[in-house]
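First the structure, in the form of structure tokens, and then the observations on it.
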Amino acid sequence: MQIVLRDPNQGPFLSKVIAYGQAEQLLTAEQLSQVKAKAMLMSLKLADKFYNKYKMHLLEQAAFDVIGVVSLGLMSLADRDEACALRLLQQGDGVVKSFQKGWSMLTTVSQFKQNGKSIYGDVDKLLMEQVSCPPDCDEWGGWQSYQDALADHQRQTAIAVLRQQFYHAGSYDPLECLNLEGVLAEAVLYRICFGDIKVREDLKRRIGQIELDDTWFNEDYIQAQTQRALAQLPADSIAIIQADMGKHFYAGILRTLNFAQRYRKLLLSDASPEKLERFEYKEGLNGLLGWPVYLQF
């Protein structure tokens, strides 16, 4: 396996670390040979598991996959420090440890991916394609692709936590394409209207059975109720959710409460389902944060 770079400041991290070691005369020819041998062995194992090792172009693809996955794991284990990464790489099991770490990272963030069945098992195929890289490419975007996937995974995990905590149907299907801010807003709106009970798909019906208190129509009150709900969640989930909340979150729920008041009056006037739906659609064009959308199949 050839692991070289035309430009040592670009390309996969594994190649950058090797270029750094050679430039600083910290990596001997024997150590480099050992790294290449380990990487080649990993490529053969990967090809044997996911490809056909007797087709040379697929063996080459397996080698690119290994370079990308090792680069990813090496960056994480060494905290992106080339000197630290070189020391790890010089250890007898450095390449294997880096690959295992990278594979574990990809497996974790692939949990909610919906790109179809992957030939890589638990690792998303599209993500692997973004991480995989020839040794001499001009630019490697694998780390950024992983960071993007990690951020999406964290949002999806936070949605699952919210649904488990606040929704009667606590299971979460990523195919529903839910928005994190919207899931929180619906829970807050429901709890404002009906108290500390789990969300059911009945707000539009039950809204006619209650009086909307004037004290609810205040951003400070909405903020207090939101923070009260968030306090029931794990700290890491709170941090992810708060980072995702828009600056107009409380104002958005206030607008939805005002809409709910008008919707209630229309409901109590025996408006037809079609009229309610038209009213909801018209108002929804400008956004109704937290107002539920019930999908029927």
Side-chain angles (χ1 to χ4, degrees), residues 151-174 176-269 271 275-295:
D152 182 64
H153 172 74
Q154 289 173 335
R155 286 191 294 269
Q156 300 283 356
T157 301
I159 289 175
V161 170
L162 281 171
R163 290 189 62 86
Q164 184 66 37
Q165 182 67 31
F166 298 121
Y167 285 70
H168 184 264
S171 60
Y172 169 52
D173 182 356
E176 295 176 4
C177 301
L178 299 177
N179 172 273
L180 176 54
E181 185 181 53
V183 173
L184 173 64
E186 183 177 350
V188 170
L189 180 66
Y190 198 92
R191 288 162 63 86
I192 288 174
C193 292
F194 307 119
D196 296 347
I197 60 175
K198 296 208 171 190
V199 177
R200 293 177 180 268
E201 293 189 352
D202 59 2
L203 183 144
K204 297 177 185 180
R205 173 179 57 82
R206 292 185 62 191
I207 199 75
Q209 302 171 7
I210 64 168
E211 293 285 343
L212 276 64
D213 196 301
D214 290 344
T215 60
W216 300 352
F217 294 81
N218 181 287
E219 285 191 36
D220 290 338
Y221 177 83
I222 295 170
Q223 182 176 359
Q225 293 302 309
T226 301
Q227 296 305 317
R228 185 165 171 266
L230 288 175
Q232 301 181 38
L233 304 177
D236 55 344
S237 295
I238 295 174
I240 294 167
I241 292 167
Q242 289 180 327
D244 195 74
M245 290 170 61
K247 62 180 181 179
H248 301 300
F249 180 83
Y250 306 118
I253 294 183
L254 178 57
R255 181 183 183 279
T256 303
L257 275 170
N258 282 303
F259 163 80
Q261 184 78 284
R262 299 192 300 275
Y263 185 92
R264 176 180 177 275
K265 290 180 180 178
L266 200 58
L267 180 67
L268 294 177
S269 70
K275 186 173 182 179
L276 287 169
E277 187 175 335
R278 286 195 300 270
F279 175 65
E280 184 180 359
Y281 174 77
K282 180 181 177 181
E283 292 294 319
L285 291 175
N286 296 318
L288 289 172
L289 184 61
W291 189 255
V293 177
Y294 302 141
L295 301 177

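Computed from a predicted model, the values in this text were never measured in an experiment. The figures here come from the full heavy-atom set of this structure, side chains too, leaving out hydrogens, waters and symmetry mates.
Between atom NZ of residue Lys282 and atom CZ of residue Phe259 there is a gap of 11.5 Å, rounded to the nearest 0.5 Å. A distance of 4.5 Å separates OG1 of Thr226 from CZ of Phe249, quoted to the nearest 0.5 Å. Remark: Tyr221 OH to Asp214 CG distance equals 12.0 Å, nearest 0.5 Å.
Taking the ring axis of Phe194 as reference, the NZ or CZ atom of Arg206 stays within 45° of it and closer than 6.0 Å to the ring centre.
At a threshold of 4.5 Å between non-hydrogen side-chain atoms, the residues Arg228 and Asp196 count as touching. For the pair Ile241/Val161, no side-chain contact is recorded, criterion being any heavy-atom separation below 4.5 Å from C-beta on. You'll find the side chain of Tyr263 stays beyond 4.5 Å of the side chain of Leu203, heavy atoms only. Within the 4.5 Å cutoff, no side-chain heavy atoms of Phe166 are placed close to those of Glu186. Within the 4.5 Å cutoff, no side-chain heavy atoms of Tyr281 are placed close to those of Arg278. In this structure, Lys204 and Pro292 have side chains that are in contact, with non-hydrogen atoms separated by less than 4.5 Å. In this structure, the side chains of Ser269 and Leu266 come closer than 4.5 Å at one or more pairs of heavy atoms. Here the side chains of Tyr190 and Ile197 are in contact, with some heavy-atom distance below 4.5 Å.
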Fill in: Worked check of side chain to side chain contact (heavy atoms under 4.5 Å, CB included) between Leu212 and Ile207
CA-CA 9 Å; Leu212 276 64; Ile207 199 75; 4.1 Å; yes
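For Glu211 against Trp216, the heavy-atom pair with the smallest separation is O-CH2, 3.7 Å. The nearest pair of heavy atoms linking Asp220 to Asn218 is N-OD1, 2.7 Å.
Trp291 and Glu283 share no side-chain donor-acceptor pair at under 3.5 Å.
The main-chain N or O of Ile240 is never found under 3.5 Å from a side-chain atom of Arg155 such that the two would form a donor-acceptor pair.
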